[in-house]
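Computed from a predicted model, the values in this text were never measured in an experiment. Every chain is numbered from 1 and lettered A, B, ... according to where its sequence line falls, protein lines coming before strand lines. These values consider heavy atoms only, across backbone and side chains, with no hydrogens, waters or symmetry-generated copies.
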Amino acid sequence: MSQVRLRFSPAPTGSLHLGNVRTALYNWLHARHVGGTFILRIEDTDVVRSTQESVDEIQYVLRWLGLDWDEGSYLQSARLDVYLAAAARLVDEGLAYECYCTESEVKERNEQAMHQGRPPGYDGRCRDLSADERAARAAEGRPVSLRFRTPDEGHSSFTDLIRGEVTVEWSTISDFVIVRSNGTPVFFLANAVDDIDMQITHVLRGEDLIDSTHRVLALRRALGHDDQPVYAHMPMILGPGGGKLSKRHGSVSIEEYRDAGYLPSALVNYLTLLGWGPEDGREVLSTDELVAEFELKRVISSSATFDAKKLEWMNGEHIRALPPSELVSAVLPFARIRYGDRLEIRRFEAAVRLAQVRATTLVQIAEQMAFLFTPDDALEIEAASWEKLTKVEAAADILDAAAEFVATCDWTDEIDPRPAIEALGLKPGKVMHVLYTAIEGRSQGLPLFDSISLLGRESALHRLRAARARL
RNA sequence: GCCCCCAUCGUCUAGUGGCCUAGGACGCCGCCCUUUCACGGCGGUAACGGGGAUUCGAAUUCCCCUGGGGGUGCCA
């Protein structure tokens with residue numbers, strides 16, 4: 001019985017987008033579900049594009065989401081000699097060869113082939129060079145890259161856990177570079193070597209890599225390993241409208257969602273559901289529940305379109321499911337940034353509880369309590385709300401009556417100004433927005449009675465009178 | 001161009017030959033609850049891309065078409 005080992009192996013060439021994150025998530029979920037090992041491996045063989053900032057960001061995002069790794073993170077850049085040794089072995093065995101074509105020459109010939117209606121791909125010019133020919137090219141000072149010799153005929157196939165048999169003709173796959181002319185190994189090689197050395201048992205990755213699997217597997221066999229890990233290619237995540245997921249269609253980075261007040265558990269929940277669902281059809285699940293339920297076999301095979309609205313709804317569900325004390329700490333940074341020293345913890349905590357069922361993001365919660373931490377004279381009154389207030393004929397009387405009530409009521413009771421309004425012969429339900437506007441600056445917001453109570457008698461009176469005076 | 005993958009409401013999906021006059025969720029629209037807004041409850045709108053074939057019977061199996069996505073890199 002071998003231990004299940006999975007790895008998430010991103011290239012540190014930019015920020016992690018939603019698709020990458022879900023791949024990481026599925027790897028992590030499966031590892032945790034079966035008690036396997038989750039490995040983080042940074043595939044930074046492309047030294048030109050890889051950056052330390054990107055490595056830091058990947059680690060930060062995974063940690064923030066709660067996707068902890070058991071091994072790593074490994075850096076492929078630290079093992080270049082291992083990959084190069086493997087490549088040298090392949091050359092010795094005649095499975096790979098030195099290629100003296102330059103990048104631009106290959107590109108040019110490819111374009112020519114396309115023009116003439118021939119399929120592109122390396123034309124094999126350096127495939128069977130004699131030792132003398134190689135020496136001559138080298139003497140010309142030509143750069144040397146290493147190419148893997150792919151079979152001329154036959155087909156390659158492997159079994160994908162969620163797609164079944166995937167087959168392709170070797171004739172459609174040309175010899176590919178495994179070591180660049182600058183001496184660095186390419187993804188296919190490093191990937192194959194590391195999956196062998198790290199004894200990876202399950203490879204879950206994006207469907208965009210499905211074609212490369214044949215090449216990695218061929219390398220794996222060439223390196224003497226006929227066994228192969230279980231492959232499962234996850235469907236892609238599409239942007240709204242079905243196109244590519246891109247910045248055009250709203251946020252694609254996790255940090256943007258964090259800053260907008262999304263909970264990691266909601267993101268994890270939503271992303272997991274994008275392509276998978278539990279047998280019982282439940283949708284709102286905690287991360288622990290997802291780990292318990294996650295089943296690779298239930299991963300869907302068709303690509304999914306990202307729906308920001310549903311994510312937002314789900315975030316609201318997670319906000320409501322959070323114990324108030326945890327919600328308080330989650331919202332705190334958002335409130336601090338907005339209200340700074342004016343923030344009072346006791347009122348803040350009370351406001352968070354009031355806002356818990358009234359928001360889909362932490363930012364919304366923080367914003368709803370703005371009136372509590374704004375000086376009376378600086379309270380901004382929303383134009384539309386004020387407009388609505390002025391349309392109420394008895395607005396002045398309502399404000400007067402409410403002020404009178406607030407000035408004299410028992411502060412230990414619930415502060416309910418409705419009787420005072422009814423005394424004017426008005427239906428409170430229809431005109432409460434007048435008071436909401438005066439107290440909170442908008443016609444909708446946190447419950448009025450609690451808001452007045454939290455604000456305090458003096459402040460509430462001040463606002464009611466200010467609104468009255470402004471009429 | 002060539003290769004690979006995919007195809008149920010607008011979106012996420014359930015569904016593996018009869019239980020489907022296709023179920024759930026988001027969104028949207030009503031109603032109820034209600035101090036506003038929400039939450040919650042109830043109800044409604046809306047889909048098996050097209051054509052063949054197999055079968056007593058196809059959303060479910062097979063083929064073709066169409067559509068979408070991916071690949072075709074000295075990116076991963």
For B:rC37 and A:S443 - does any side-chain N or O of the residue sit under 4.0 Å from the phosphate oxygens OP1/OP2? no
chi for B:rC39 classified (syn = within 90 degrees of 0, anti otherwise) as syn
Closer than 4.0 angstrom, basic N to acidic O: yes or no for A:E293 and A:R298? no
Interatomic distance where CD1 belongs to A:I178 and P belongs to B:rC74 [whole Å]: 13 Å
B:rG70, OP1 or OP2 - any side-chain N/O from A:R205 closer than 4.0 Å? no
Contacting residues from residues 183-191 of chain A, given that a heavy atom lies under 4.0 angstrom of RNA chain B: A:V186, A:F187, A:F188
Pick base, sugar-phosphate or nothing for A:C101, based on heavy-atom distances below 4.0 Å to the nucleic acid. base
Same-atom distance (P) from B:rA47 to B:rC12, integer angstrom: 16 Å
In whole Å, I'd like the distance from the CG atom of A:D175 to the P atom of B:rU72. 16 Å
Rounded distance in Å between the C1' positions of B:rU60 and B:rG41: 35 Å
Using the C1' atom as the reference point in each nucleotide, state the distance between B:rG52 and B:rC5 in Å, no decimals. 24 Å
Under 3.5 Å for both donor-acceptor distances, Watson-Crick or wobble: does B:rC48 have a partner, and if so which one? none
Which residue, A:E414 or A:Y100, contacts RNA chain B at a nucleotide closer to its 5' end, judged by nearest heavy atom? A:E414
Whole-Å gap separating P (B:rG71) and NE2 (A:H233): 12 Å
Nucleotide paired to B:rG43 in any strand shown, Watson-Crick or G-U, under 3.5 Å: B:rC29
Once hydrogens and angles are ignored, does a donor-acceptor distance under 3.5 Å link the base of B:rG24 to the side chain of A:E283? yes
Below 4.0 Å: OP1/OP2 of B:rC39 and any side-chain N or O of A:R358: no
Hey, is A:R41 close enough to A:D195 for a salt bridge, meaning N to O under 4.0 Å? yes
Checking N1-N3 plus N6-O4 or O6-N4 for Watson-Crick, or N1-O2 and O6-N3 for wobble, each under 3.5 Å, the partner of B:rU16 is none
A:R7 side-chain N/O to A:S9 backbone N/O, donor-acceptor pair under 3.5 Å: no
Rounded distance (Å) that lies between atom C1' of B:rU36 and atom CH2 of A:W386: 17 Å
Using whole Å, report how far CG of A:L455 lies from P of B:rU35. 21 Å
Heavy atoms only, 4.0 Å cut-off, all strands: where does A:L448 land among base, sugar-phosphate and nothing? base
Could you give me the CA-CA distance, side-chain angles and deciding distance for A:Y83 and A:D194, then say whether side chain to side chain donor-acceptor pair (under 3.5 Å) is met? CA-CA 9 Å; A:Y83 314 130; A:D194 277 350; 2.6 Å; yes
Every protein N/O within reach of nucleotides 1-7 of chain B N/O, cut-off under 3.5 Å:
unit_1	atom_1	unit_2	atom_2	d
B:rC5	O2'	A:R163	NH1	2.6
B:rC5	O2'	A:E207	OE2	2.9

Looking for any heavy atom pair under 4.0 Å, which part of the strands does A:E317 touch: base, sugar-phosphate only, or nothing? sugar-phosphate
Take atom CD in A:E414; do more than 12 heavy atoms of anything else shown fall under 6.0 Å from it? yes
Test A:L389 against A:Y436 for side chain to side chain contact (heavy atoms under 4.5 Å, CB included), laying out the working first. CA-CA 10 Å; A:L389 183 156; A:Y436 274 89; over 6 Å; no
A:D307 CG - B:rC26 P separation (whole Å): 11 Å
Given side chain to side chain contact (heavy atoms under 4.5 Å, CB included), test A:T159 with A:Q228 step by step and report yes or no. CA-CA 10 Å; A:T159 303; A:Q228 51 182 245; 5.9 Å; no
Sort out the partner of B:rC9 for me: Watson-Crick or G-U wobble, both distances under 3.5 Å, none otherwise. none
Answer yes if the ring centres of A:F188 and A:F176 are under 6.0 angstrom apart, and no otherwise. yes
